[in-house]
Structure formats: structure tokens, C-alpha cells
Amino acid sequence: MKKWIWTIVAVVIIAVIGGVTFTSHHITQKAYTAAMTTGRQAVSKENYSIAESAFQDALRHRTNDQQAQGHLTQTQNFVSAQSAMSDHEFSTAKSDYTKVKNAKSGSSMLRNRAKTALKLLKTVQLKAETFQDVYDQP
């Protein structure tokens, strides 16, 4: 008789642990998916600070996730490139935009924006050199 009671107790404990584990995984998956969606939407709206936060949140739910890490790194490089461009640090901007463009994982939207920015950067550099030449003439 006691063996049946212990068997029933063991089955109940295993079922409870399995249910809790499944529920926890499901909640984590849902939070990860929501964070990635928020990050992608923020990128499309050019709200990069929210995108960075969302991708970091996704990484909290799935540590070492390559997709979330790729999106985060790409977004950070894009923001860095924009900042360098504003500060007239063209070589840094070019390097960062190139990293965004060549990223294997991440946003295709950011890749396209980086390609466009690289074309603009090339024009800006040519104009800057021309203006500097004109300025340097006596």
C-alpha cells in the first residue's frame, strides 16, 4: 500500500515540475519574441535607443542568442556611425557603416540604410576635400 502512495506522490511531483518548467519556458519565449518585435519596429521607426534596449532585453531572456546579439551589435554600430558622421569623423563613420552593411545577422533595413549612408559619405568626403582646396587657395 505504501508503495502506491509513494508512486502517486512521485508522479504528482514530476507532473508539477514539468508543468512549471514548460510554463516558464513558454513565458520566456513570449517575452523574447515581444522584445525582438519591439526592437525591429523601433529600427523601422529610426528610434535606435529603444531598439538597443529591446535587443538587450531579448538577450536577457535568451542569453547568447545570435540573432538578438546580431541585431544589437548592428544597431550599436549604426548609432556609432551616425554620431561619427555628425562629428565629421568620416573614417570612423565609414568603418562603422561598413560593419553594419556587412553584418551577417541583423536587420536588412539597417543594411540598406548603411549602404545609402556610405554613398552619401563618399559624396560628403569629396565635397569636403573640394571645399578645403578652395579654402586653402590664396
Side-chain angles (χ1 to χ4, degrees):
M1 189 71 150
K2 289 184 179 183
K3 290 182 181 179
W4 284 103
I5 292 173
W6 284 111
T7 304
I8 291 171
V9 169
V11 168
V12 168
I13 289 173
I14 290 170
V16 168
I17 291 172
V20 168
T21 302
F22 176 77
T23 303
S24 175
H25 173 72
H26 182 68
I27 290 170
T28 301
Q29 178 63 29
K30 204 171 185 179
Y32 167 82
T33 302
M36 290 297 289
T37 300
T38 299
R40 288 184 184 111
Q41 289 172 345
V43 165
S44 72
K45 294 178 182 176
E46 298 182 15
N47 195 337
Y48 301 114
S49 60
I50 290 177
E52 283 184 64
S53 295
F55 295 137
Q56 287 170 343
D57 188 37
L59 280 170
R60 276 191 288 281
H61 294 293
R62 267 200 205 165
T63 309
N64 300 326
D65 182 67
Q66 289 184 352
Q67 185 178 13
Q69 185 61 56
H71 277 78
L72 176 61
T73 302
Q74 190 184 39
T75 303
Q76 290 171 333
N77 284 333
F78 192 83
V79 169
S80 175
Q82 285 185 317
S83 177
M85 191 76 162
S86 297
D87 295 339
H88 304 285
E89 297 172 2
F90 301 129
S91 61
T92 303
K94 183 177 181 179
S95 172
D96 289 340
Y97 280 134
T98 302
K99 287 177 190 174
V100 173
K101 183 184 86 166
N102 294 335
K104 294 195 187 325
S105 63
S107 169
S108 60
M109 188 176 300
L110 280 180
R111 267 189 230 97
N112 291 336
R113 288 180 187 164
K115 288 176 187 176
T116 303
L118 283 167
K119 289 177 186 175
L120 175 65
L121 178 60
K122 188 175 182 179
T123 304
V124 167
Q125 284 180 308
L126 289 173
K127 298 283 185 184
E129 289 173 12
T130 303
F131 288 138
Q132 189 62 45
D133 290 343
V134 170
Y135 179 74
D136 289 342
Q137 287 179 356

Taking distance alone, no hydrogens or angles, what donor-acceptor pairs closer than 3.5 Å link side-chain atoms of residues 77-84 to residues at least two apart or in another chain?
from: N77; atom 1: ND2; to: T73; atom 2: O; distance (Å): 3.3
from: S80; atom 1: OG; to: D96; atom 2: OD2; distance (Å): 2.6

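Residues H61 and D57 approach most closely at CD2-O, 3.0 Å, considering heavy atoms. For D65 against A68, the heavy-atom pair with the smallest separation is OD2-N, 2.8 Å. Pairing each heavy atom of I50 with each of A42, the nearest pair is CG2-CB, 3.8 Å. Nearest heavy atoms, G70 versus S105: CA-OG, 3.4 Å. The two residues G39 and A51 have their closest heavy-atom pair at O-CB, 3.6 Å. Summarising the geometry of Y32 relative to A58, their closest heavy-atom pair is CD1-O, 3.5 Å, with the distance given to 0.1 Å.
Residues K119 and T123 fail the side-chain proximity criterion, which asks for heavy atoms closer than 4.5 Å. Q76 places a side-chain heavy atom less than 4.5 Å from the side chain of Q56. With a 4.5 Å cut-off on side-chain heavy atoms, V124 and M85 count as touching. For the pair H71 and R40, the minimum side-chain heavy-atom distance is below 4.5 Å.
Between the T98 side chain and the K94 main chain, a donor and an acceptor come within less than 3.5 Å of each other. The closest donor-acceptor contact from the side chain of Q74 to the backbone of S107 lies under 3.5 Å.
We find the OH-CZ distance between Y97 and R113 to be 11.0 Å, quoted to the nearest 0.5 Å. Once rounded to the nearest 0.5 Å, the distance linking OH of Y48 with CD of E52 reads 11.0 Å. The OG1 atom of T38 sits 6.0 Å away from the CD atom of Q41 when rounded to the nearest 0.5 Å. Separation of atoms NZ (K99) and CG (N102) is listed at 11.0 Å; rounding is to 0.5 Å.
The salt bridge (charged side-chain N to carboxylate O under 4.0 Å, His left out) analysis of residues 68-89, with sequence neighbours excluded, yields no pairs. For the salt bridge (charged side-chain N to carboxylate O under 4.0 Å, His left out) condition, no pair includes a residue of residues 66-85, sequence neighbours left out.
Grouping the Ile, Leu, Val, Met, Phe, Trp and Tyr side chains by contacts below 4.5 angstrom, directly or via other members, places L72 with M109. A chain of hydrophobic side-chain contacts below 4.5 Å, direct or via other Ile, Leu, Val, Met, Phe, Trp or Tyr residues, connects L110 to L120.
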